[in-house]
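Next up is a structure, given as structure tokens.
Below, all heavy atoms of this structure are taken into account, side chains as well, without hydrogens, waters or symmetry copies. The chain is numbered in sequence order, starting from 1.
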Amino acid sequence: MSEQTGLPFGQFMGDDGGVHEMVPAAAIIGVPEAKAAAERYGREVRFDFLDDRAVHWLLFYRWEDNRKWRGRGCLAGILMSVLAIFPWPYWDLVVSQKPRPFRIAFLCVTAMLVFGLLVGLYLWRRPSLLDPSLRNVRIRARRYRKIVGIARRGGADIPPMYPYYGMYASSRKFFPDAPELPVPPTGQAS
């Protein structure tokens, strides 16, 4: 599956690729505002943010989802940069010397390639964006990040970058009827 499989309970992979220790729920419980937020968000997304085991699997699935798309995102970035950088010198050196219809055709073809790439990327990512189970993982991860931020501001001893991932801008709606993701196969300590 991934290099995350086999980590002992309480450890997870961050977006930086490093292995990190999970902050125990006691750190969140120690800050009344964070505990209240955990309970409120927990009711909202049907998740117990104060259960270390549940948070451990949440961090596991969040990283697995991110790992799946990291290589594809890098490939898309390379393709977009080629389409964004290559036309300028080509325009300067070749196209600007050609007749006006050729220049217009060049601009149209470049615009269609960029548009096609963006549509292709969207269609490539669309199944993952529409999967309600994965969207629930993303919104729960987003809420967990908020809870940890409240606890940190409230004085809890939480590392500055914890939980070592960014925001999920596309995770705004919770799907109560979506099936829960299964517990990962053995090999991950529980």
Side-chain angles (χ1 to χ4, degrees), residues 1-5 7 12-20 41 44-45 47 57-150 152-153 159-182 184:
M1 235 173 123
S2 72
E3 56 267 17
Q4 182 169 246
T5 305
L7 289 178
F12 69 98
M13 298 285 291
D15 281 353
D16 59 356
V19 176
H20 302 285
Y41 289 145
E44 179 185 316
V45 298
F47 189 78
W57 293 122
L58 170 70
L59 294 172
F60 176 86
Y61 275 119
R62 190 223 56 86
W63 192 85
E64 286 296 316
D65 177 45
N66 196 20
R67 178 191 61 84
K68 206 182 310 179
W69 291 98
R70 186 174 290 131
R72 296 174 184 178
C74 182
L75 175 64
I78 291 169
L79 289 174
M80 282 301 288
S81 65
V82 166
L83 282 175
I85 295 169
F86 174 73
W88 300 116
Y90 187 72
W91 177 273
D92 226 15
L93 298 172
V94 178
V95 178
S96 62
Q97 309 302 319
K98 300 287 184 179
R100 183 177 171 91
F102 184 83
R103 291 189 303 230
I104 292 171
F106 176 78
L107 288 174
C108 290
V109 167
T110 303
M112 287 184 344
L113 285 173
V114 169
F115 180 74
L117 181 62
L118 291 174
V119 168
L121 290 173
Y122 173 74
L123 292 175
W124 195 12
R125 178 84 167 137
R126 185 173 164 79
S128 168
L129 294 174
L130 293 179
D131 182 0
S133 297
L134 288 176
R135 288 180 70 181
N136 283 352
V137 167
R138 293 178 192 128
I139 194 167
R140 288 171 176 165
R142 180 181 184 154
R143 295 294 187 250
Y144 181 65
R145 183 180 164 95
K146 282 186 178 181
I147 293 164
V148 168
I150 293 168
R152 186 182 303 115
R153 285 188 301 276
M161 298 303 291
Y162 185 82
Y164 305 101
Y165 59 83
M167 293 298 294
Y168 283 106
S170 64
S171 61
R172 301 202 184 280
K173 183 177 178 185
F174 178 71
F175 296 90
D177 297 332
E180 293 294 326
L181 294 173

_Quick check for you: to the nearest 0.5 Å, what is the distance between L134 atom CG and K68 atom NZ?_
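Rounded to the nearest 0.5 Å, the CG-NZ separation comes to 5.5 Å.
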*asked:* Tell me the closest heavy-atom pair linking E44 and R143, and the distance in Å.
replied: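 Minimum heavy-atom contact is OE2-NH2, 2.7 Å.
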*Could you tell me whether the side chain of R135 reaches within less than 4.5 Å of the side chain of R138, counting heavy atoms only?*
yes
*asked:* Under 4.0 Å between a side-chain nitrogen and a carboxylate oxygen: does that hold for R140 and E180?
replied: yes
_P159 versus Y164, closest heavy-atom pair with distance_ =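 Closest approach of P159 to Y164, heavy atoms only: CB-OH, 3.5 Å.
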*Rounded to the nearest 0.5 Å, how far does OH of Y165 lie from CG of L59?*
6.0 Å
*Please work out whether the ring planes of W57 and F60 are parallel, tilted or perpendicular, with thresholds of 30° and 60°.*
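Rings of W57 and F60: perpendicular, as their planes differ by over 60°.
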*Indicate the atoms forming the closest heavy-atom contact of Y144 with P163, along with that distance.*
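Shortest heavy-atom contact: CE2-CB, 4.2 Å.
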*Given L7 and V19, is the side-chain contact (heavy atoms from CB on, under 4.5 Å) satisfied, shown in steps?*
CA-CA 9 Å; L7 289 178; V19 176; 4.0 Å; yes
Donor-acceptor contacts under 3.5 Å from residues 93-115 side chains, at least two apart:
unit_1 : atom_1 : unit_2 : atom_2 : d
S96    : OG     : W91    : O      : 3.3
S96    : OG     : D92    : O      : 3.0
T110   : OG1    : F106   : O      : 2.9

*Should L117 and L83 count as side-chain neighbours, where that means a heavy-atom distance under 4.5 Å?*
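Sidechains of L83 and L117: in contact.
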*Return the orientation label for the F12 and H20 ring planes: parallel under 30°, perpendicular over 60°, tilted otherwise.*
tilted
*Short question: side chain of S133, backbone of A178 - any donor-acceptor pair under 3.5 Å?*
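Side chain of S133 to backbone of A178: no pair is present.
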For residues 74-82, run the donor-acceptor check on the side chains, cut-off 3.5 Å, and write out each pair with its distance to 0.1 Å, sequence neighbours left out.
unit_1 : atom_1 : unit_2 : atom_2 : d
S81    : OG     : G77    : O      : 3.2
S81    : OG     : I78    : O      : 2.8

_Nearest 0.5 Å, please: how far is CZ in R142 from CZ in R62?_
14.0 Å
*Can you measure from CD1 (I147) to OH (Y41) and round to the nearest 0.5 angstrom?*
7.0 Å
*Can you pull the side chain to side chain donor-acceptor pair (under 3.5 Å) pairs that have at least one residue in residues 111-122, sequence neighbours excluded?*
Y122-R126
